[in-house]
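Just so we're on the same page: letters track the sequence lines, and every chain starts at 1. Since the model is a prediction, treat every value here as computed from it, not as a measurement.
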Amino acid sequence: MGGKDAIKFELLATDRNTKARRGRLTTPHGEIDTPVFMPVGTAATVKAVKPEDLRALGARILLSNTYHLFLRPGHEIVREAGGLHAFMNWDGPILTDSGGFQVFSLAAMRRISEEGAEFRSHIDGSKHMLTPEKSIEVQNALGADIIMAFDECADYPIDHRRAEEASERTSRWLERCKAAHEDTDRQALFGIMQGGMYKDLRRRSAERIVAMDLPGYAIGGLSVGEPKALMYEILDDCDDLLPREKPRYLMGVGSPDALFEGVARGVDMFDCVLPTREARHGAAMTSRGGLNIKNARFERDFGPLDPECDCYTCTHYSRAYLRHLFKSGEMLSATLLSLHNLRFLVRAAEGIRRSIESGEFVAYKEAFLRKYYFDGE
RNA sequence: GUGGGUAUCGUCAAGUGGUUAAGACACAGGAUUGUGGCUCCUGUAUACGUGGGUUCGACUCCCACUACCCACC
């Protein structure tokens, strides 16, 4: 066991009217101001975007994935390359997901036992086994600053008994993850709260994982198809259930409204594939709401995607050109729209941080969301 | 000029005597939340080359014309 934690978290300011927090997370690869939005780079790359461009648009920490890198190219190869940072040319902080969620969302023929999850690869159908120990071994080889516990993410909807089973197993697996993870001053292990949409299970899950005194905690099992109101209801309790002096990470959430509502409920970290996936499908987030660049109405629109945006795409290209690129199947389309959507969420997080510092978080949140969801174009 | 072939939505392409003429692409709209990038869902079209004929009934059979393709001169 190491003598100190890999990360340090300080709270710099808190909001008077909500649970919003302004913090700073120090990792072996640098500091992160929170609340933070983390772009997702599943296969050791944020699809279509170079690391230097991520840095330039304000991204400070990336998420990557155990499941994908374990299957391809294999974690030993990444280790030989000098670890994930060197392999993908990103020297900032990285967080790796444990592979738990992916086994459930991607792999075919999964079989869950107390030991772990047996599954078939979505790439070639080959059979594999991930256990808490294996997930930690892979994540140790990858070398991310923050690594995640191997958890079982319950479907929605799911009955109380099966949600309890998954949640309790996640807690037992967390003990094994913690035992397997030795280099705690190089990589911080986060535990994951489960419990489906059941408040009693959420509370018990939180108590179990908090008792293990980890450097950070994640809220898992949300945004899995439930109504947003229900997600917010579950989030309402999280500030009380999780220690205030540790970072909280809401997994997989990142629509503009969820970002603000999560922050208002005490969440510090978010990740989401939405900005990059939507970009590849022609959808853009703008200060006046989402738009679909495919739409015929942009054919002769020579203005920027979002007049209020300072990103590379908005300062150099028109909607008409972006529409042309998309309609032509040009890959630059994915790059330019990804740069914009990522900048949009990173900038939203910047605004959130400033507003918490100045005590105007609620006003900022309301103005932002009103413009996004009601103003339109 | 002679012989042969082909003409069905913007494009490609089923249908070959019998109700509202497939489908794909394109086009149009939507979806997307711990990522199988080029995916999924939905929608639209005054499409049977032109003019005659046969038939109860023609995209389908016959004749002529027009256009394009191939071969020959």
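With B/G34, B/U32, B/G30 as the candidates, the nucleotide lying closest to the side chain of A/Ser98 is B/G34. In the set B/G29, B/G34, B/G37, the nucleotide with an atom closest to the side chain of A/Ala296 is B/G29.
Counting non-hydrogen atoms under 4.0 angstrom, A/Gln194 reaches a base of the nucleic acid. As judged by a 4.0 angstrom heavy-atom cut-off over every strand, A/Thr276 is placed among the base-contacting residues. At a threshold of 4.0 angstrom between heavy atoms, the contacts of A/Leu95 with the nucleic acid are absent. At the heavy-atom level, A/Ala43 lies nowhere under 4.0 Å from the strands shown. Nucleic acid contact for A/Arg120: none, since no nucleic acid atom lies under 4.0 Å from a heavy atom of the residue.
Using atom P as the reference point in both B/G43 and B/U33, the two lie 23 Å apart (nearest Å). B/A24 and B/U39 have their P atoms separated by 14 Å, with the value rounded to a whole Å. Rounded to a whole angstrom, the distance from the P atom of B/C61 to that of B/G18 is 11 Å. As rounded to the nearest Å, B/U19 and B/U6 have C1' atoms that lie 30 Å from one another. Remark: the separation of the P atoms in B/U44 and B/G23 is 12 Å, to the nearest Å. Of the P atoms belonging to B/C48 and B/C9, the separation is 7 Å, rounded to the nearest Å. With both ends at atom C1', the span from B/A58 to B/G53 equals 11 Å, rounded to whole Å. For the P atoms, the distance from B/U42 to B/U66 is 47 Å, rounded to whole Å.
You'll find the side chain of A/Glu357 stays beyond 4.5 Å of the side chain of A/Leu12, heavy atoms only. Residues A/Val263 and A/Ile356 meet the side-chain proximity criterion, which asks for heavy atoms closer than 4.5 Å.
Shown for residues 248-275 of chain A: residues whose heavy atoms fall under 4.0 angstrom of RNA chain B, namely A/Met251, A/Gly252, A/Val253, A/Gly254, A/Ser255, A/Asp271, A/Cys272, A/Val273, A/Leu274. Against RNA chain B, the stretch residues 195-230 of chain A makes heavy-atom approaches under 4.0 Å through A/Gly221, A/Ser223, A/Lys228.
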Return all side-chain donor-acceptor pairs below 3.5 angstrom for residues 76-87 of chain A, not counting sequence neighbours, or 'none' if the list is empty.
{"from": "A/Glu76", "atom 1": "OE1", "to": "A/Arg79", "atom 2": "NE", "distance (Å)": "3.1"}
{"from": "A/His85", "atom 1": "NE2", "to": "A/His29", "atom 2": "ND1", "distance (Å)": "3.3"}
{"from": "A/His85", "atom 1": "NE2", "to": "A/Gly92", "atom 2": "O", "distance (Å)": "3.2"}
{"from": "A/His85", "atom 1": "NE2", "to": "A/Asp145", "atom 2": "OD1", "distance (Å)": "2.9"}

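Summarising the base pairing, B/U19 is matched to no nucleotide, lacking a Watson-Crick or G-U wobble pair whose two defining distances lie under 3.5 Å. Using the Watson-Crick or G-U wobble rule with both distances under 3.5 Å, B/A28 pairs with B/U42. In this structure B/U33 sits in no base pair that meets the Watson-Crick or G-U test at under 3.5 Å. Of the nucleotides present, B/A67 is the one that pairs with B/U6 by Watson-Crick or G-U wobble criteria, both distances under 3.5 Å. B/C61 is paired with B/G53 under the Watson-Crick or G-U wobble criterion, all donor-acceptor distances under 3.5 Å.
Under 4.0 Å is where a charged nitrogen must lie from a carboxylate oxygen, and between A/Arg208 and A/Glu168 at least one such pair does. One finds a salt bridge joining A/Arg55 and A/Asp91 here, because a Lys/Arg side-chain nitrogen approaches an Asp/Glu carboxylate oxygen to under 4.0 Å.
A/Lys327 has no side-chain polar atom (N or O) that falls below the 4.0 Å cut-off from OP1 or OP2 of B/A26. In terms of phosphate contacts, A/Arg277 brings no side-chain nitrogen or oxygen within less than 4.0 Å of OP1 or OP2 of B/C38. Between A/Arg280 and B/U39 there is no side-chain polar atom (N or O) within less than 4.0 angstrom of OP1 or OP2. Residue A/Asn292 has a polar side-chain atom (N or O) positioned under 4.0 Å from OP1 or OP2 of B/G30.
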Quiz item: For A/Phe344 and A/Phe368, what are the C-alpha separation, side-chain angles and deciding distance, and is it a ring-ring contact (aromatic ring centres under 6.0 Å, His included)?
Solution: CA-CA 12 Å; A/Phe344 182 80; A/Phe368 189 103; 5.7 Å; yes
Exercise. Could you walk me through whether A/Tyr217 and A/Phe190 pass the ring-ring contact (aromatic ring centres under 6.0 Å, His included) test, one step at a time?
Key: CA-CA 5 Å; A/Tyr217 296 97; A/Phe190 279 26; 7.6 Å; no
Practice problem: Starting from the C-alpha separation in whole Å, work towards a yes-or-no answer on ring-ring contact (aromatic ring centres under 6.0 Å, His included) for A/Phe260 and A/Tyr364. | Solution: CA-CA 10 Å; A/Phe260 281 90; A/Tyr364 179 69; 5.7 Å; yes
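Not a single donor-acceptor pair, N or O on each side, falls under 3.5 Å between the base of B/G34 and the side chain of A/Asn65.
Between A/Arg169 and A/Ser113, the shortest heavy-atom distance links the atoms CD-O, 3.8 Å.
The backbone N or O of A/Ser338 sits nowhere less than 3.5 Å from a side-chain atom of A/Arg343 that would complete a donor-acceptor pair.
Atom CZ of A/Arg162 has 12 or fewer neighbouring heavy atoms from other residues, nucleotides or ligands inside a 6.0 Å radius.
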